[in-house]
Amino acid sequence: MRKVVTAAVADGKVNSADIAFADLLMTLAQAPSDELWTAAALASAAVQNGDVCVMLKDLAAGDNGINADAVHDALQNSGMVQKPQQPVTLPLVLDTDGRLYLARYWQEERDLAEALQTRLQASAGTDQTPPLDLLDALFPAPTDPTEPDWQRVAAVVAAQQQLCVITGGPGTGKTRTVARLLAVLLAQSRDSQRIALLAPTGKAAARLLESLRAEELNLKALNIHIDLPASASTMHRALGYQPGRRGFRHNAGNPLPFDLVLVDEASMVDLSLMHSLVSALAPETRLIMLGDRDQLASVDAGNVLGDIVGYASPERYSKPLRDVLLKTCPGFDTIGTHKDNGGMADAIVQLQHSYRFDSQSGIGHFARAVNAGDANAACNVGSDTNFPDLKFINPDQTPLHTHLLTRALPAATAVIENSNVEEAMTALQEYRVLCALQLGPRGVEQINQFIESKLVSLRHMQANQLWYRGRPILINRNDPANNLYNGDTGLIWPDDNGNTMAWFPDGEGGVRTVAPGRLPAHQTCYAMTVHKTQGSEFTNVLMVLPEERHPLLSQDLLYTGITRARRNVEVYGSEGAIRAGCETKRVRASGLLGQLWW
């Protein structure tokens with residue numbers, strides 16, 4: 001049994017804290033065993049690797065000699081494991097499907113599932129159908145629709161109930177949809193609405209506010225006025241992050257003071273954070289989530305958005321919701337039905353038309369092939385000269401440093417040569433190198449060091465200079481005192497008095513400064529990992545892949561990286577690496593999907 005853990009330690013999947021947890025349970029157990037020690041270490045390690053639980057059948061897979069039934073019996077007899085029906089008093093929970101959880105994560109998963117279902121059921125039987133004239137003004141109906149306007153469908157669904165999840169890839173109009181559905185909701189309400197705009201990171205919150213304000217101007221041109229909040233916030237800040245203490249200031253006993261909470265980039269939200277947010281909502285608060293289910297899941301445990309969207313399709317809408325959509329959304333009569341209708345499906349709208357990546361877009365074709373797991377189609381797109389927005393770069397033909405000299409270095413220089421910080425921060429979004437790895441010859445650290453070494457040779461900075469003008473930085477640790485959070489990006493630049501400062505978006509459409517000495521852990525970010533770029537967009541992207549068959553290569557990694565680009569993507573990697581990514585679909589162990597959909 002213990003050999004499984006030893007192998008996982010060698011692979012970096014089990015650490016000393018996991019071992020210490022297993023050792024502790026052995027000292028407390030009524031019937032200690034190798035099965036308990038192994039399962040406990042792996043359950044602890046699971047949450048560090050993104051899973052919410054460990055499956056006993058997976059533990060017994062292969063030829064490792066482990067018998068799942070024997071492990072199950074040993075756990076049940078240990079005195080450290082309880083059944084889900086009981087109050088949580090023991091450190092481990094084993095459900096009827098053979099999922100072993102740390103008790104905290106089982107509790108959070110169960111509570112979140114119940115809260116989402118309760119919020120959806122609270123809307124059953126109500127009729128909040130928006131007026132047709134308002135819908136026609138916001139979402140003009142085509143004269144001969146062959147399918148419904150999914151943005152219009154989203155507005156109607158959001159108006160009908162307290163829970164709505166809008167999912168879709170880049171360019172499908174999620175922000176446009178939200179601005180217009182907010183206009184619908186505000187028009188329906190007799191009272192002023194307290195609205196919170198939230199996102200997992202500061203940069204995502206700033207982008208959300210910026211996008212909504214642009215749509216606000218479009219609505220004013222239609223003589224439709226909406227009263228948006230003046231700022232957007234990180235979820236941690238809105239909930240009341242308390243350094244050194246578990247939990248937030250806002251919770252079930254002290255709910256958030258909002259009538260509507262909108263969460264963007266929901267794919268980045270882990271189980272614990274989503275549980276904290278939903279627990280802190282008043283019963284009457286409306287919750288709207290936006291996100292792309294195909295992106296990389298959260299860094300921490302869970303695949304919450306993917307599990308919530310689950311098996312959703314408009315064919316599974318309940319008859320009452322379908323009847324409303326038939327009356328309000330031309331073209332919805334083209335959608336068939338399934339007999340297993342309703343439930344969580346009624347909360348989900350999938351935007352299906354990309355306005356950014358059309359039929360002429362190589363990025364769009366490549367993204368669809370990757371999500372379909374079609375390696376042949378993905379490779380064919382990259383070699384097709386009809387798609388100038390996507391290009392493959394073969395490492396055997398072009399050394400990475402050569403390509404960095406011709407693309408990444410000029411982009412870095414262009415930032416430094418701007419005359420003011422606002423223009424420099426705009427220029428910073430023109431180009432970014434995205435990596436799968438932090439370390440190694442194709443990793444973030446070496447690429448950043450290479451670019452800085454060339455900036456030294458061009459005399460844009462001095463050797464070993466830390467706070468040079470134009471240095472892009474990435475925050476790596478939450479710092480609520482300075483309103484900085486893991487994943488936020490900024491720029492080093494002098495202020496009007498010549499003082500070197502770190503500049504960040506302020507969440508209100510402007511910029512703000514933080515003294516460099518007050519920054520939390522951070523790094524230079526000419527290159528970033530793909531995980532850290534979620535919630536970001538860049539005009540041009542160079543995506544650097546590791547060697548083929550690397551364990552990090554997967555569909556969601558490829559998809560997330562290439563769809564960060566608005567205009568052009570270059571993929572630096574072998575055909576073997578691209579094929580490995582297309583053929584690898586990662587599924588996180590979780591019970592949330594089953595609780596919401598069965």
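Computed over heavy atoms, backbone and side chain alike; hydrogens, waters and symmetry mates excluded. These numbers come from a predicted model, not from an experiment.
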Test item: N482 side-chain N/O and R518 main-chain N/O as donor-acceptor pair under 3.5 Å: yes
Heavy-atom side-chain contact between L558 and V530 under 4.5 Å: no
Check: Y105 and S272 side chains under 4.5 Å, non-hydrogen atoms: yes
Main-chain N/O of W493 paired with W503 side-chain donor or acceptor, under 3.5 Å: yes
side-chain contact (heavy atoms from CB on, under 4.5 Å) partner of Y311, the single match among R316, M344, H338: R316
Interatomic distance, R237 atom CZ to L198 atom CG [nearest 0.5 angstrom]: 12.0 Å
Nearest non-hydrogen partners of T489 and C525, listed with the distance: CG2-SG, 4.4 Å
Pair R180-Q151, side-chain donor/acceptor within less than 3.5 Å: no
Flag, side chain of D389 to backbone of G362, donor-acceptor distance under 3.5 Å: yes
Candidate list I348, T337, D346, V324, test side-chain contact (heavy atoms from CB on, under 4.5 Å), partner Y317, passing option: D346
Flag, side chain of R119 to backbone of T285, donor-acceptor distance under 3.5 Å: yes
Value rounded to 0.5 Å, distance of CG in L116 from CD1 in I308: 5.0 Å
CA sep, side-chain torsions, deciding dist, call: D136, R152, salt bridge (Lys or Arg N to Asp or Glu O under 4.0 Å): CA-CA 9 Å; D136 287 340; R152 181 165 173 154; 2.9 Å; yes
Donor-acceptor side-chain pairing of E147 and T334 below 3.5 angstrom: no
Pairwise side-chain contact, P200 with V269, heavy-atom cut-off 4.5 Å (strictly under): yes
For the student: nearest non-hydrogen atoms of M425 and P505, plus distance: CE-CD, 3.9 Å
Residue pair Q352, T172: steps toward the side-chain contact (heavy atoms from CB on, under 4.5 Å) verdict: CA-CA 7 Å; Q352 300 177 23; T172 52; over 6 Å; no
L484 CG to I473 CD1 distance, which is reported to the nearest 0.5 Å: 8.0 Å
Polar side-chain atom of T201 near backbone of A204 as donor-acceptor pair, under 3.5 Å: yes
I195 and L228, any side-chain heavy atoms less than 4.5 Å apart: no
Pairwise side-chain contact, K327 with L132, heavy-atom cut-off 4.5 Å (strictly under): no
Check: F538 and V433 side chains under 4.5 Å, non-hydrogen atoms: no
Distance-only side-chain donor-acceptor flag, R293 / T167, under 3.5 Å: no
Full working for side-chain contact (heavy atoms from CB on, under 4.5 Å) between Q595 and R110: CA-CA 8 Å; Q595 294 185 62; R110 185 197 65 176; 4.0 Å; yes
From CD (E430) to CZ (R566), nearest 0.5 Å: 6.5 Å
Smallest separation among heavy atoms of Y431 and E570, with atom names: OH-OE1, 4.2 Å
Heavy atoms of other groups near R104 CZ, more than 12 under 6.0 Å: yes
N/O donor-acceptor pair under 3.5 Å between R432 side chain and L428 backbone: yes
side-chain contact (heavy atoms from CB on, under 4.5 Å) assessment of D270 paired with V304: CA-CA 6 Å; D270 61 86; V304 177; 5.8 Å; no
A154 to L181 - nearest heavy-atom pair and separation: O-CD2, 4.3 Å
Heavy-atom side-chain proximity of V156 to T129 below 4.5 angstrom: no
Non-hydrogen atoms of L185 and A159 that approach each other most closely: CD2-CA, 3.6 Å
Distance (rounded to the nearest 0.5 Å) between K174 NZ and L208 CG: 11.5 Å
Charged N-O contact under 4.0 Å between D323 and K319: yes
L273 vs H236 side-chain heavy atoms within contact, under 4.5 Å: yes
Nearest-0.5 Å distance that lies between atom CG in N303 and atom CG in D556: 8.5 Å
Nearest heavy atoms of L271 and V52, plus distance in Å: CD2-CG1, 3.7 Å
Within 6.0 Å of CG in D496, more than 12 heavy atoms from elsewhere: no
